[in-house]
Amino acid sequence: MMKKWSKWFGPILILMGVLCLVIAPFVPVEIDAEGYVHEPGFFLIPVSYVFFLSGIIVTLVMALRKKLRKQN
């Protein structure tokens, strides 16, 4: 059961990164009376980078492990 789930873990992380970037522009932005910008969805942009990077690393590690197991 764990092997089937772990195969999709990297692509799921990459998909979550894409979703964060898609959702980020739709979060409402407010400018208060003093001119400060309040952007509550800004955290989605760096979080998407973390998801992308971790998804790519997990996918590469899983592919490398599969290749090394095939050689042995």
Side-chain angles (χ1 to χ4, degrees):
M1 178 76 175
M2 185 63 176
K3 286 189 177 189
K4 290 182 182 180
W5 184 80
S6 64
K7 177 174 67 171
W8 292 101
F9 190 63
I12 288 172
L13 287 172
I14 294 171
L15 180 65
M16 288 173 60
V18 169
L19 288 175
C20 285
L21 284 179
V22 168
I23 293 171
F26 295 107
V27 177
V29 178
E30 297 176 358
I31 300 175
D32 64 8
E34 297 177 7
Y36 290 106
V37 177
H38 298 278
E39 193 170 0
F42 179 75
F43 74 95
L44 291 171
I45 296 170
V47 167
S48 70
Y49 294 151
V50 171
F51 280 138
F52 278 132
L53 183 61
S54 60
I56 290 170
I57 290 171
V58 167
T59 302
L60 290 175
V61 167
M62 295 300 285
L64 184 63
R65 286 178 63 193
K66 184 177 180 180
K67 187 173 182 173
L68 289 176
R69 284 183 186 167
K70 210 179 250 190
Q71 287 179 353
N72 292 333

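Only a predicted model underlies this, so the values are computations on that prediction, with no experimental measurement involved.
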Side chains of Phe52 and Leu21: closer than 4.5 Å at any heavy-atom pair?
yes
So, do Arg65 and Arg69 sit near enough that their side-chain heavy atoms are less than 4.5 Å apart?
yes
With rounding to the nearest 0.5 angstrom, report the CD1 to CG distance, Ile23 to Leu44.
6.5 Å
Are Val50 and Ile57 grouped together when hydrophobic residues (ILVMFWY) are joined by side-chain heavy atoms under 4.5 angstrom apart?
no
Distance from Trp8 atom CH2 to Leu15 atom CG, nearest 0.5 Å?
11.0 Å
Taking all heavy atoms of Cys20 and all of Ser48, pick out the closest pair and write down the distance.
CB-CB, 3.6 Å
Which atom names give the shortest non-hydrogen contact between Val27 and Gly41, and what distance separates them?
CG1-N, 3.4 Å
Gln71 vs Leu68 side-chain heavy atoms within contact, under 4.5 Å:
yes
Any heavy-atom pair between the side chains of Leu60 and Leu64 that's under 4.5 Å?
no
Under a 4.5 Å side-chain heavy-atom rule over Ile, Leu, Val, Met, Phe, Trp and Tyr, are Leu13 and Val18 clustered together?
no
Mind checking whether Val58 and Leu19 sit in one hydrophobic cluster, side chains of I, L, V, M, F, W, Y counted as touching below 4.5 Å?
no
Do the side chains of Ile12 and Phe9 join up, straight or via other hydrophobic residues, at under 4.5 Å, putting them in one cluster?
yes
Do Phe43 and Tyr49 share a hydrophobic cluster (ILVMFWY, side-chain heavy atoms under 4.5 Å, transitive)?
no
